[in-house]
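Structure first, then comments.
These numbers come from a predicted model, not from an experiment.
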Amino acid sequence: QVQLVESGGGLVQTGGSLRLSCAASGRTALSSSAMGWFRQAPGKEREFVAAIWWSSGITDYADSVKGRFTLSRDNAKNTVYLQMNRLKSEDTAVYYCNVLRKWPTVPGNYWGQGTQVTVSS
């Protein structure tokens with residue numbers, strides 16, 4: 001069992017920045033896992049945003065966020081960070097973290113509660 005808690009969402013203007021956090025607990029063998037961020041906008045399906053391996057830090061990004069979003073992790077804190085820069089209105093969504101089932105875009109069963117990101121023009 002893994003518990004994931006996202007935080008850091010909020011309201012920001014177009015072009016602004018936010019940093020999301022995902023703190024994992026409950027299972028100590030996360031070092032062999034990869035974490036993903038997904039988002040879901042109103043009326044749309046959940047989509048992949050970015051992924052990172054706990055052990056190597058290797059990352060992958062959706063084309064829509066490449067060059068604007070950056071993933072990092074703190075293994076000691078079991079926390080993954082999603083730095084989001086140059087935000088656009090289309091980034092507005094609820095953001096979720098997940099322990100991936102398959103690299104880089106297939107989610108597993110463990111989801112956080114989500115954190116709302118709203119980008120206003």
Side-chain angles (χ1 to χ4, degrees):
Q1 191 78 358
V2 176
Q3 291 78 44
L4 302 172
V5 178
E6 302 97 335
S7 61
L11 175 63
V12 64
Q13 290 188 329
T14 300
S17 298
L18 282 173
R19 189 177 81 154
L20 306 184
S21 300
C22 172
S25 63
R27 190 176 84 188
T28 58
L30 287 173
S31 59
S32 61
S33 302
M35 299 295 293
W37 281 94
F38 296 78
R39 66 187 181 186
Q40 187 166 21
K44 295 188 177 181
E45 292 187 355
R46 193 171 296 185
E47 65 175 0
F48 168 76
V49 175
I52 187 168
W53 282 103
W54 279 109
S55 56
S56 65
I58 291 174
T59 55
D60 193 40
Y61 299 92
D63 288 342
S64 59
V65 307
K66 206 169 289 185
R68 300 187 298 122
F69 290 12
T70 304
L71 268 175
S72 62
R73 87 274 191 234
D74 185 330
N75 293 58
K77 295 182 179 180
N78 274 355
T79 300
V80 172
Y81 303 100
L82 181 66
Q83 178 66 43
M84 307 187 296
N85 298 328
R86 305 201 311 273
L87 283 162
K88 306 175 181 179
S89 57
E90 51 262 46
D91 294 318
T92 295
V94 178
Y95 285 70
Y96 300 89
C97 64
N98 177 272
V99 180
L100 294 176
R101 181 160 60 91
K102 184 177 179 181
W103 178 264
T105 63
V106 180
N109 295 327
Y110 299 113
W111 293 94
Q113 82 288 350
T115 186
Q116 175 72 48
V117 171
T118 303
V119 184
S120 65
S121 56

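Of all the heavy atoms in A93 and A41, the pair that sits closest is CB-N, 3.8 Å. Smallest separation of non-hydrogen atoms from V94 and G114: CG1-CA, 3.8 Å. The two atoms that bring T14 and S121 nearest to each other are OG1-CA, 3.4 Å, heavy atoms only.
Under the 6.0 Å cut-off for aromatic ring centres, F48 and W37 do not qualify, their centroids lying 6.0 Å or more apart.
A heavy-atom distance below 4.5 Å is found between the side chains of M35 and V99. Side-chain contact between F38 and N98: present, with at least one pair of heavy atoms (C-beta onward) separated by less than 4.5 Å. The shortest side-chain heavy-atom distance between S120 and L11 falls under the 4.5 Å cut-off. Side-chain contact check for T59 versus W53: every heavy-atom pair is 4.5 Å or farther apart. Here the side chains of L4 and W111 are not in contact, with every heavy-atom distance at 4.5 Å or above. Residues Q113 and V5 meet the side-chain proximity criterion, which asks for heavy atoms closer than 4.5 Å. Between L20 and T115 there is a side-chain heavy-atom pair separated by less than 4.5 Å. Residues V117 and M84 meet the side-chain proximity criterion, which asks for heavy atoms closer than 4.5 Å.
For the atom pair CD1 of I52 and SG of C22, the computed distance is 11.5 Å after rounding to the nearest 0.5 Å. Atoms OG1 and CZ, from T70 and R19 in turn, are 11.5 Å apart once rounded to the nearest 0.5 Å.
Under the 4.5 Å side-chain heavy-atom criterion for ILVMFWY residues, a single connected hydrophobic cluster contains both V80 and L18. Grouping the Ile, Leu, Val, Met, Phe, Trp and Tyr side chains by contacts below 4.5 angstrom, directly or via other members, places Y81 apart from Y95. Taking hydrophobic clusters as Ile, Leu, Val, Met, Phe, Trp and Tyr residues chained together by side-chain heavy-atom distances below 4.5 Å, L71 shares a cluster with W54. Placement of F69 and L100 in two distinct hydrophobic clusters is found when ILVMFWY residues are connected by side-chain heavy-atom separations under 4.5 Å, directly or transitively.
Looking only at distances, a side-chain donor or acceptor of E6 sits under 3.5 Å from a matching main-chain atom of C97. Formation of a donor-acceptor pair under 3.5 Å by the R73 side chain with backbone atoms of S55 is found in this model.
Inspection of the D74 and T79 side chains reveals no N or O donor paired with an N or O acceptor under 3.5 Å.
Scanning for side-chain hydrogen bond (donor to acceptor under 3.5 Å, both in side chains) contacts around R68 gives D91, with sequence neighbours left out.
Listed by first then second residue, pairs satisfying salt bridge (Lys or Arg N to Asp or Glu O under 4.0 Å) with a partner in residues 42-60 read R39-E47, not counting sequence neighbours.
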- Query: For V119 and E90, what are the C-alpha separation, side-chain angles and deciding distance, and is it a side chain to side chain contact (heavy atoms under 4.5 Å, CB included)?
  - Reply: CA-CA 8 Å; V119 184; E90 51 262 46; over 6 Å; no

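Annotation: K77, atom NZ; neighbour count of heavy atoms from other residues, nucleotides and ligands within 6.0 Å does not exceed 12.
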